Amino acid sequence: MSQVDSHLIEFLLRQGDNPLILGHRTSEWCGHAPALEEDIALANTALDLIGQTQLWLSYAAEVEGGGRSNNDLAFLRDVYDFRNVLMVEVPNEDFARTMVRQFLFDAFQVPWLTTLQASSDQRVSDIAIKSLKEALYHLERSSDTVIALGDGTELSNDRMQTALNYLWPYSGEFFGEDDTDKAMEKRDIAPLPVSIRETWNSTVSSTLDTANLIAPSDPFAHSGGRTGVRHTEHLGHLLATMQTLQRSHPGAQW
Amino acid sequence: MNTTAVTVSQVWQWLGEIPDPEIPVISIVDLGVVRDVSVQENKVSVVITPTYSGCPAMREITEHITKELTSRGFEDVNLETRIAPAWTTDWMSATGKAKLESYGIAAPQAKGSPNRCPQCKSTDVEKISQFGSTPCKAQWRCTDCLEPFEYFKCI
Ligand SMILES: [Zn+2]
């Protein structure tokens with residue numbers, strides 16, 4: 001029996017779980033957004049993210065080779081099996097936090113997927129090329145919205161700054177580094193996340209400047225999501241909703 | 001029916017009659033989601049690609065193709081979904097773009113915004129929202145005739 005490529009599986013789960021959990025969170029807005037256009041935009045963004053999830057988790061399931069499908073990975077795993085960064089699982093709270101989070105995430109995804117296009121793993125490269133087109137479009141919208149609301153009224157600026165202050169300590173986890181990251185780098189599958197930190201910093205700081213928002217200076221960073229060591233209490237609640245069908249009716253088919 | 005005499009171009013023609021489930025005025029071939037067709041006696045293979053990774057119409061497109069080619073006599077219809085090379089609006093046919101406009105949807109443009117209002121043809125247009133009723137469209141408005149319209153996003 002051949003050895004399971006556990007580092008590659010871990011890497012693919014991280015790629016798939018971020019858009020899965022953020023996609024689910026974003027879909028919670030469906031029917032509740034402040035304006036019809038925003039409702040549609042949020043639902044479509046969520047749809048893109050779930051689509052990207054299917055590509056990553058299908059590949060993860062294939063590499064795993066244990067007969068599980070992408071759906072099994074999404075709906076039959078429990079909290080500590082998830083490998084998403086903590087930022088994507090915290091509650092939406094309000095439109096400000098939702099859009100600041102989307103922006104911080106998109107500002108990471110765009111340079112990240114850009115580098116993954118050159119992955120030595122053809123499948124990773126294919127998924128990155130497909131997803132990047134969508135991520136670029138998401139970044140255009142989220143940065144425009146951050147600027148419009150940050151540089152808007154006193155109230156909207158205040159809400160955006162509050163959201164930024166809350167989310168900022170969660171942004172450091174994007175650039176985490178462990179044995180899986182090192183293994184991916186060694187095999188030219190993915191660079192170390194820290195290699196795109198400067199690009200992220202410059203996108204974020206130029207947008208925040210234009211938006212009259214101030215990035216907190218405290219370098220403290222929450223972590224534990226991408227390694228699965230310590231998720232927030234919120235992920236379990238999210239999964240209870242997202243996985244309710246499979247939990248109530250195991251094996252149900254669409 | 002015996003399919004041994006069916007040519008690849010005949011299959012393309014049949015597929016060219018299958019409407020896109022979300023924008024039925026254009027076919028799945030006009031849209032550029034059919035990437036390859038091959039025929040071997042009673043077996044036909046079709047490669048399709050999604051417009052957007054989460055395109056909810058893929059399942060319906062798959063079912064339509066299978067139903068169509070089965071009804072044409074193929075015993076074995078093999079469908080493969082491929083994401084590379086990634087779909088681009090460049091693959092949309094000129095016929096498809098013209099049909100879109102006459103249907104009221106502005107065709108994709110490389111510059112990222114519609115050329116003109118599909119109703120009155122005015123070039124004075126403004127963006128309402130980056131997204132529309134499907135993942136592939138955005139909402140725009142004509143500042144001359146004041147009609148809102150959909151724009152097929154360029155990717
Ligand atoms: Zn007009």
Side-chain angles (χ1 to χ4, degrees), chain A residues 15-16 19-20 23 26-27 29-30 33-59 70 99 102 106 113 117 119 121-145 148 254, chain B residues 21-23 32-33 35 47-63 79-92 105 108-114 125-141 148-155:
Chain A
Q15 307 317 305
L20 173 60
T26 309
S27 77
W29 277 102
C30 195
L36 181 61
E37 288 76 13
E38 291 308 326
D39 203 286
I40 288 170
L42 287 159
N44 275 303
T45 303
L47 189 60
D48 286 343
L49 292 169
I50 302 295
Q52 294 166 17
T53 302
Q54 290 179 329
L55 302 176
W56 290 115
L57 294 188
S58 295
Y59 187 29
N70 57 4
M99 291 314 300
Q102 187 69 44
D106 295 340
L113 294 169
Q117 292 184 114
S119 175
D121 184 310
Q122 188 61 49
R123 200 60 185 275
V124 169
S125 165
D126 290 349
I127 299 172
I129 291 168
K130 183 78 187 161
S131 306
L132 177 61
K133 286 173 176 245
E134 295 159 6
L136 282 164
Y137 201 80
H138 295 172
L139 178 61
E140 194 183 315
R141 169 172 178 269
S142 60
S143 52
D144 280 357
T145 310
W254 185 247
Chain B
E22 290 182 338
I23 313 170
V33 300
R35 301 315 303 157
V47 176
I48 54 174
T49 194
T51 52
Y52 283 77
S53 61
C55 178
M58 286 309 283
R59 177 189 288 244
E60 212 176 322
I61 289 174
T62 307
E63 283 167 6
L79 273 160
E80 188 196 330
T81 303
R82 227 181 256 167
I83 60 160
W87 180 83
T88 153
T89 30
D90 295 346
W91 292 347
M92 191 185 285
I105 299 171
Q109 303 295 335
K111 62 178 170 151
S113 56
V125 293
E126 64 179 16
K127 184 166 72 187
I128 301 175
S129 170
Q130 264 156 311
F131 288 88
S133 60
T134 65
C136 55
K137 286 176 284 169
Q139 282 288 328
W140 283 67
R141 178 196 293 124
F149 64 88
E150 288 195 302
Y151 163 61
F152 204 105
K153 283 150 47 173
C154 183
I155 65 164

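Order of the sequence lines fixes the chain letters, A, B, ..., with proteins taken first and strands second; residue numbering starts at 1 for each chain. All heavy atoms count here, side chains included; hydrogens, waters and symmetry mates do not. Worth saying up front: this structure is predicted, and the values here are computed from it rather than measured.
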Is it true that B/Q130 and A/E140 share a donor-acceptor pair across their side chains at a distance under 3.5 Å?
yes
Heavy-atom pairs under 4.5 Å with chain A - which of [options] has more of them than the others?
| options | answer |
| --- | --- |
| B/S133, B/S129, B/C55 | B/S129 |
| B/I155, B/I128, B/I83 | B/I83 |
| B/G112, B/A84, B/P135 | B/P135 |

Can you tell which part of [X] gets under 4.5 Å to a heavy atom of chain A, answering side chain, backbone, both or neither?
| X | answer |
| --- | --- |
| B/K127 | side chain |
| B/T134 | backbone |
| B/P50 | both |
| B/T51 | backbone |

Correct closest heavy-atom pair for A/N44 and B/G132 would be ND2-O, 2.9 Å
Closest heavy-atom pair, A/K130 versus B/A86, reported as atoms and distance to 0.1 Å, is CD-CB, 4.0 Å
- Do the non-hydrogen side-chain atoms of A/D126 and B/R82 ever get within less than 4.5 Å of each other? no
Plane angle bin for A/Y137 and B/F131 - parallel if under 30°, tilted between 30 and 60°, otherwise perpendicular
perpendicular
Chain B heavy atoms under 4.5 Å from [X]: which part of the residue, side chain, backbone, both or neither?
| X | answer |
| --- | --- |
| A/Q52 | both |
| A/I50 | neither |
| A/L42 | neither |

Original post:
Distance-only, no hydrogens or angles: does the B/Q139 side chain make a donor-acceptor pair with backbone N or O of A/E37 under 3.5 Å?
Top reply: no
